[in-house]
Amino acid sequence: MPRLATIYLRLIAVLGLAAWVGAIAWYAPWDHFGTRILASGLVPTAAILLGLTVLSTLSPVPTRGGGHLSVGIAPLFAAIVFPLPPWMVMTLAALGTIDQRIPGRQIPWNQFLFNRGQFTLSFGIPSIVVTAIAGGAPPSATSMIVAALLIYLLNTGLMSMAIGLIRNVSVFAAARAALWSNALTWVGLPLIGILIARLLHAPRFTDQLVVFLLYGPLLIYRASIQ
């Protein structure tokens, strides 16, 4: 792997970790774990979204541009729309997107850690923006559109740069390939994410579990991508 590519992959991994630690320190969940986290029902919601994210990203589809695509955007976008605190969104993005490829064997460690960092940044930064705009209220349609655009730009930009450096091809060519192969994904999956977020506002935990019925349509969508 080119040295510049290695430096870039490690840099994004470190930036993602720094953003996650910074978000936790800013929110300080240990100061109000009982009143603002347990009492608000955020933990069961986060657990459901983590499970749905893991299922949605377990077997990513290789793309023509050299990257991998999954339907995990839907539950992660739901985490932003719900909304979960940014540090929770970052945690789901980093851990829930670990797929079946074994680090060091089927995927190099540098790329594995880069993926953790780029997912943390791609979903964490939009979550911070939505939280700042909404001020604790449910996100508006405008803020959700802004979040979807930010996710698209960050994810596509960070991945295209990595693919360009690793394969020694034009970053713009990699971005263009991602645009043509993934365009519908960035429209359809956020809409499913909004539906997931709405269902998660059901009063009972057992009612919230109905979101797993959406895994069927997500599998169908994944098959159409493949």
Could you check whether any side-chain heavy atom of [X] comes within less than 4.5 Å of a side-chain heavy atom of [Y], counting everything from C-beta outward?
| X | Y | answer |
| --- | --- | --- |
| Ile80 | Leu84 | no |
| Leu42 | Pro85 | yes |
| Leu113 | Leu17 | no |
| Ile128 | Met90 | yes |
| Ile107 | Asn115 | yes |
| Thr97 | Gln118 | no |
| Ile12 | Leu158 | yes |
| Ile98 | Arg116 | yes |

Are [Y] and [X] linked, directly or through intermediate hydrophobic residues, by side-chain heavy-atom contacts shorter than 4.5 Å (ILVMFWY only)?
| X | Y | value |
| --- | --- | --- |
| Phe114 | Ile7 | no |
| Val169 | Tyr8 | no |
| Leu121 | Val14 | no |
| Leu153 | Met144 | yes |
| Ile145 | Leu189 | no |

Mind listing the closest non-hydrogen atom pair of [X] and [Y] along with its distance?
| X | Y | answer |
| --- | --- | --- |
| Leu92 | Leu50 | CD2-CB, 3.5 Å |
| Gly164 | Val171 | CA-CG2, 4.4 Å |
| Gln100 | Gln106 | O-OE1, 3.5 Å |
| Pro2 | Leu165 | CG-O, 3.4 Å |
| Ala78 | Ala197 | O-CB, 3.7 Å |
| Pro190 | Phe77 | O-CD2, 3.4 Å |

Any donor-acceptor pair under 3.5 Å from Thr57 side chain to Gly96 backbone: yes
Criterion side chain to side chain contact (heavy atoms under 4.5 Å, CB included) on Ile166 and Leu9, from CA distance to verdict: CA-CA 9 Å; Ile166 292 172; Leu9 295 181; 4.1 Å; yes
Worked check of side chain to side chain contact (heavy atoms under 4.5 Å, CB included) between Asn155 and Phe119: CA-CA 7 Å; Asn155 183 269; Phe119 278 119; 4.0 Å; yes
Aromatic plane relationship, Trp109 with Phe112 - under 30° parallel, 30 to 60° tilted, over 60° perpendicular: perpendicular
Aromatic ring pairing Phe82/His201, orientation class (parallel under 30°, perpendicular over 60°, tilted between): parallel
CA sep, side-chain torsions, deciding dist, call: Leu15, Thr120, side chain to side chain contact (heavy atoms under 4.5 Å, CB included): CA-CA 9 Å; Leu15 289 176; Thr120 298; over 6 Å; no
